[in-house]
Amino acid sequence: MSERSALQRRIRAWLVLFIVCLVLSGLTAFPLVTELHWANSLVSHAWLQRVGDGLDRADEDYPFLLYGTDWLAFAHLVIAVFFYGVHRDPVRNVWIVEAGMIACAGVIPLALICGPVRGIPFGWSLIDMSFGVFGVIPLLVLRRMIKRLEALPA
């Protein structure tokens, strides 16, 4: 196997990992009420209980509010589709990886600004920020491999 094809296989493996994680994180935004019931049955934590109570109330009295999390889930799925372009032509579509890196970086100021505004405990904002930190890792690896692929002779 040539270096080029081995690199392309590694790029595709990292892409699959990233896309699967993005899809899973999106799919988990649909059943929030059920997930919080499950989480609260496993763990006794004041903040989780409060979030669960809020979701129960919203689901019962204002179900349209949860429509926003449906759109959040949908956005994750749509973003995952864009990464198929990287699969098709990694060098030409490296910009998708770079845009993903920018989005991961944007998670941090969003959590730092909106978390306090919405009354989110700082520890939970740190958890939110970790999605950007951990999300950027496979993207950094992908970008580095794509740049190596670009430098190889055709």
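- Surrounding CD of E3 are at most 12 heavy atoms belonging to other residues, nucleotides or ligands under 6.0 Å away.
- In terms of heavy-atom proximity, T69 sits nearest to L66 at OG1-O, 2.7 Å.
- Taking both residues in full, the closest heavy atoms of L112 and P116 are given as O-CD, 3.1 Å, listed atom of the first, atom of the second, then distance.
- A side-chain contact (heavy atoms from CB on, under 4.5 Å) with L36 holds for exactly one of D53, L48, D56, D59; it is L48.
- The heavy-atom pair separating N40 from Q49 by the smallest distance is OD1-N, 3.3 Å.
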Item to check | Residues F18, I137; criterion side chain to side chain contact (heavy atoms under 4.5 Å, CB included); working and verdict | outcome: CA-CA 10 Å; F18 186 77; I137 293 170; over 6 Å; no
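- By the 4.5 Å heavy-atom criterion applied to side chains, V86 and V94 are not counted as neighbours.
- The distance from the CG atom of L17 to the SG atom of C21 is 4.5 Å, given to the nearest 0.5 Å.
- Enclosure of atom CZ in F30 by more than 12 non-hydrogen atoms of other residues, nucleotides or ligands within 6.0 angstrom is indicated.
- Of all the heavy atoms in A111 and M129, the pair that sits closest is CB-CG, 3.6 Å.
- Transitive grouping of hydrophobic side chains (ILVMFWY, heavy atoms separated by less than 4.5 Å) keeps L140 and I102 in distinct clusters.
- Transitive grouping of hydrophobic side chains (ILVMFWY, heavy atoms separated by less than 4.5 Å) keeps V97 and F134 in distinct clusters.
- With rounding to the nearest 0.5 angstrom, the CG atom of L55 is 12.0 Å from the CZ atom of R50.
- More than 12 non-hydrogen atoms from other residues, nucleotides or ligands lie less than 6.0 angstrom from CZ of R12.
- In terms of hydrophobic clustering, with Ile, Leu, Val, Met, Phe, Trp and Tyr side chains grouped at heavy-atom distances under 4.5 Å, I11 and V81 are assigned to different clusters.
- For the residue pair V136 and C104, the shortest heavy atom distance occurs at N-SG, 3.6 Å.
- L142 and L152 fall within the same hydrophobic cluster, where Ile, Leu, Val, Met, Phe, Trp and Tyr residues are linked whenever their side-chain heavy atoms come under 4.5 Å apart, directly or through other members.
- Side-chain atoms of D70 and F74, non-hydrogen and from C-beta on, never get closer than 4.5 Å to each other.
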Checklist entry - Does the pair I108 and V133 meet the rule for a side chain to side chain contact (heavy atoms under 4.5 Å, CB included), with working shown? => result CA-CA 8 Å; I108 294 170; V133 172; 4.1 Å; yes
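- A ring-centre distance under 6.0 Å is not found for W71 and H76.
- A heavy-atom distance below 4.5 Å is not found between the side chains of H87 and N93.
- Between E60 and R57 there is no salt bridge, since none of the side-chain N atoms of the basic residue sits less than 4.0 Å from a carboxylate O of the acidic one.
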Next on the checklist: Apply side chain to side chain contact (heavy atoms under 4.5 Å, CB included) to residues F83 and V16 and explain how you reach the verdict.
Outcome noted: CA-CA 9 Å; F83 281 89; V16 167; over 6 Å; no
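- The CD1 atom of I146 sits 6.5 Å away from atom CG of L15, with the distance rounded to the nearest 0.5 Å.
- R144 places none of its side-chain heavy atoms less than 4.5 Å from the side chain of K147.
- Within a 6.0 Å radius of OH in Y67, other residues, nucleotides and ligands contribute 12 heavy atoms or fewer.
- In terms of heavy atoms, P138 sits closest to W14 at CB-CE3, 3.6 Å.
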Checklist entry - Passes side chain to side chain contact (heavy atoms under 4.5 Å, CB included), R4 versus R148? Steps please. => result CA-CA 9 Å; R4 183 175 199 75; R148 279 184 34 216; over 6 Å; no
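- Aromatic ring pairs are classed by plane angle as parallel below 30°, tilted from 30° to 60° and perpendicular above 60°; the pair W124 and H45 is perpendicular.
- There is no path of hydrophobic side-chain contacts, each under 4.5 Å, that joins F131 to M101.
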